[in-house]
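To keep things clear, I will list the structure first and then write my remarks on it.
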Amino acid sequence: MSWKVACIQFDITFGSPQENVKKVEKLIMETVQKYSPKIIVLPELWTTGYDLTRLDEIGDNNGDTTKKTLQMLAKKHNVHIVGGSVAKNTSKGTYNTMYTVNDEGDIVGEYSKLHLFQLMDEHLYLQPGKNDGLFQLDGETCAGVICYDIRFPEWIRTHTTGGAKVVFVVAEWPLPRLEHWRALLIARAIENQCYVVAANRVGKDPNNVFAGHSMIIDPWGEVLAEGLEDEAIVVSDIDLEKVEKVRKQIPIFEDRKPSYY
């Protein structure tokens, strides 16, 4: 099975959910019209940006508005959407939550960020998730993780040993650590022999400048497509059969010794 995937990297307006939703609606329409992708991927916290101190005001109660928006867009454009992540407000606190919606408008995945990034004060305003990011699209197992998660190879390996052939990464990764972003994503693809499809934002907020460089990487670690530091649609075809071919050629999953780890 092959898919055309498109990562939308754009500048998120700080603390303005309505403005960001309108922008995403327009960008998804333009992406579908220009590229006809099977899957569209959005960046992390795309409705609010890192306006963490106001998430209790501007976050999405139980994710309801986000879910309805993504379901509407997926059905309207007949496209799967890996919906970046949004601030989901609940009675137990706020979570950084990714929703994945298939082209029929069904929510097939919900994952809240497990690893909170203390350097940007996430631990002060967000609760860590407790579930994995596995989901199914067109009968294929995929996974979604969020930004800081990629620094934890054991977390990514949990998903690929669970069957994931594609790992979708959504992020607001800062420009000063751009080379970490690139190296970590390529390493995760090589060591897990999977596709990595990573959507990062661009632009800046009051405290950070963001790196862009959304990437689509194959199971050998070859970069199939990469953005720069401005708004862009990063597009490539991915062939899921290649995952099995690479895993047979160098059988790391068969040769693992987990009882020693």
Side-chain angles (χ1 to χ4, degrees), residues 3-14 16-35 37-51 58-60 63 65-88 95-103 105 107-113 133 135 137 142-150 166-173 181 185 196-203 205 210-216 225-227 230-236:
W3 290 327
K4 180 176 286 186
V5 295
C7 297
I8 301 179
Q9 64 172 41
F10 66 97
D11 189 3
I12 296 165
T13 302
F14 191 70
S16 300
Q18 290 184 337
E19 186 173 342
N20 290 315
V21 168
K22 288 180 181 178
K23 185 169 186 175
V24 162
E25 289 176 348
K26 180 182 178 183
L27 287 170
I28 286 178
M29 180 180 68
E30 292 174 352
T31 301
V32 169
Q33 290 175 347
K34 187 171 184 179
Y35 297 107
K38 187 63 178 176
I39 303 173
I40 288 176
V41 190
L42 301 176
E44 180 185 16
L45 291 176
W46 62 269
T47 59
T48 61
Y50 262 90
D51 193 356
I58 62 175
D60 190 357
T65 299
T66 301
K67 286 183 280 189
K68 289 177 182 177
T69 298
L70 294 175
Q71 288 176 297
M72 178 273 292
L73 291 169
K75 289 176 68 176
K76 179 180 178 179
H77 297 294
N78 189 34
V79 64
H80 303 314
I81 301 176
V82 179
S85 73
V86 299
K88 173 188 175 183
Y95 295 82
N96 185 346
T97 301
M98 172 194 292
Y99 296 105
T100 300
V101 182
N102 68 17
D103 55 9
I107 295 171
V108 296
E110 178 176 344
Y111 166 69
S112 294
K113 190 175 186 177
F135 57 87
L137 286 177
C142 304
V145 298
I146 301 173
C147 205
Y148 190 39
D149 283 334
I150 65 171
V166 185
V167 175
F168 293 95
V169 181
V170 305
E172 289 206 28
W173 197 278
W181 165 257
L185 291 173
V196 170
V197 179
N200 192 29
R201 70 162 290 183
V202 297
D205 67 17
F210 297 94
H213 285 264
S214 298
M215 300 173 73
I216 301 170
E226 181 174 359
D230 51 1
E231 293 191 334
I233 312 300
V234 179
V235 182
S236 180

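If you read the sequence from its start, that first residue is 1, and numbering goes on from there.
Judged as a side chain to side chain donor-acceptor pair (under 3.5 Å), and not counting sequence neighbours, N200 has no contacts. When the ring pair (Phe, Tyr, Trp, His ring centres under 6.0 Å) test is applied to W181, the partners found at least two apart in sequence or on another chain are W173. Applying the side chain to side chain donor-acceptor pair (under 3.5 Å) test to E44 and every residue at least two apart in sequence or in another chain returns Y50, N96, K113. Residues forming a salt bridge (charged side-chain N to carboxylate O under 4.0 Å, His left out) with E30 (at least two apart in sequence, or on another chain): none. Contacts of E25 classified as side-chain contact (heavy atoms from CB on, under 4.5 Å), with partners at least two apart in sequence or in another chain: V21, T69, M72, L73. In this structure, the side-chain contact (heavy atoms from CB on, under 4.5 Å) partners of S112, at least two apart in sequence or on a different chain, are Y95, T97. By the side-chain contact (heavy atoms from CB on, under 4.5 Å) test, A232 pairs with Q9, sequence neighbours left out. For F10, there are no ring pair (Phe, Tyr, Trp, His ring centres under 6.0 Å) partners at least two apart in sequence or on another chain. With sequence neighbours excluded, no residue satisfies side chain to side chain donor-acceptor pair (under 3.5 Å) with Y99. Not counting sequence neighbours, the partners of K23 by the side chain to side chain donor-acceptor pair (under 3.5 Å) test are E231. For D11, the salt bridge (charged side-chain N to carboxylate O under 4.0 Å, His left out) partners at least two apart in sequence or on another chain are R201.
Without hydrogens or angle criteria, D51 side chain to T48 main chain gives no donor-acceptor distance under 3.5 Å. No donor-acceptor pair closer than 3.5 Å links the side chain of N20 to the backbone N or O of I12.
Of all heavy-atom pairs spanning C7 and A198, the tightest one is SG-O, 3.7 Å. Between W46 and V86, the shortest heavy-atom contact is NE1-CG1, 3.7 Å. Here the closest non-hydrogen pair linking W3 and I39 is CE3-CD1, 3.4 Å. Looking at every heavy atom in both residues, S214 comes nearest to A199 through OG-CA, 3.5 Å.
In this structure, NZ on K38 lies 9.0 Å from CG on L137, to the nearest 0.5 angstrom. To the nearest 0.5 Å, atoms OG1 (T13) and CD (E19) are separated by 3.5 Å. Between atom CG of residue L42 and atom CE of residue M98 there is a gap of 10.0 Å, rounded to the nearest 0.5 Å. Taking OG1 of T47 as the start and CG of D60 as the end, the distance is 7.0 Å to the nearest 0.5 Å. Interatomic distance, CD of Q18 versus OG1 of T65, reported as 9.5 Å (0.5 Å rounding).
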With a 3.5 Å cut-off and sequence neighbours excluded, list the donor-acceptor pairs that the side chains of residues 74-84 form with protein atoms.
from : atom 1 : to   : atom 2 : distance (Å)
H80  : ND1    : D103 : N      : 2.9
H80  : NE2    : D138 : OD1    : 3.1
H80  : NE2    : D138 : OD2    : 3.2

Q: Starting from the C-alpha separation in whole Å, work towards a yes-or-no answer on side chain to side chain contact (heavy atoms under 4.5 Å, CB included) for V41 and V234.
A: CA-CA 10 Å; V41 190; V234 179; over 6 Å; no
Q) Is there a side chain to side chain contact (heavy atoms under 4.5 Å, CB included) between Y111 and F168 once you walk through the steps? A) CA-CA 12 Å; Y111 166 69; F168 293 95; over 6 Å; no
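Side-chain contact check for V32 versus I40: some heavy-atom pair is nearer than 4.5 Å. Using a 4.5 Å heavy-atom threshold, the side chains of P37 and V235 count as separate.
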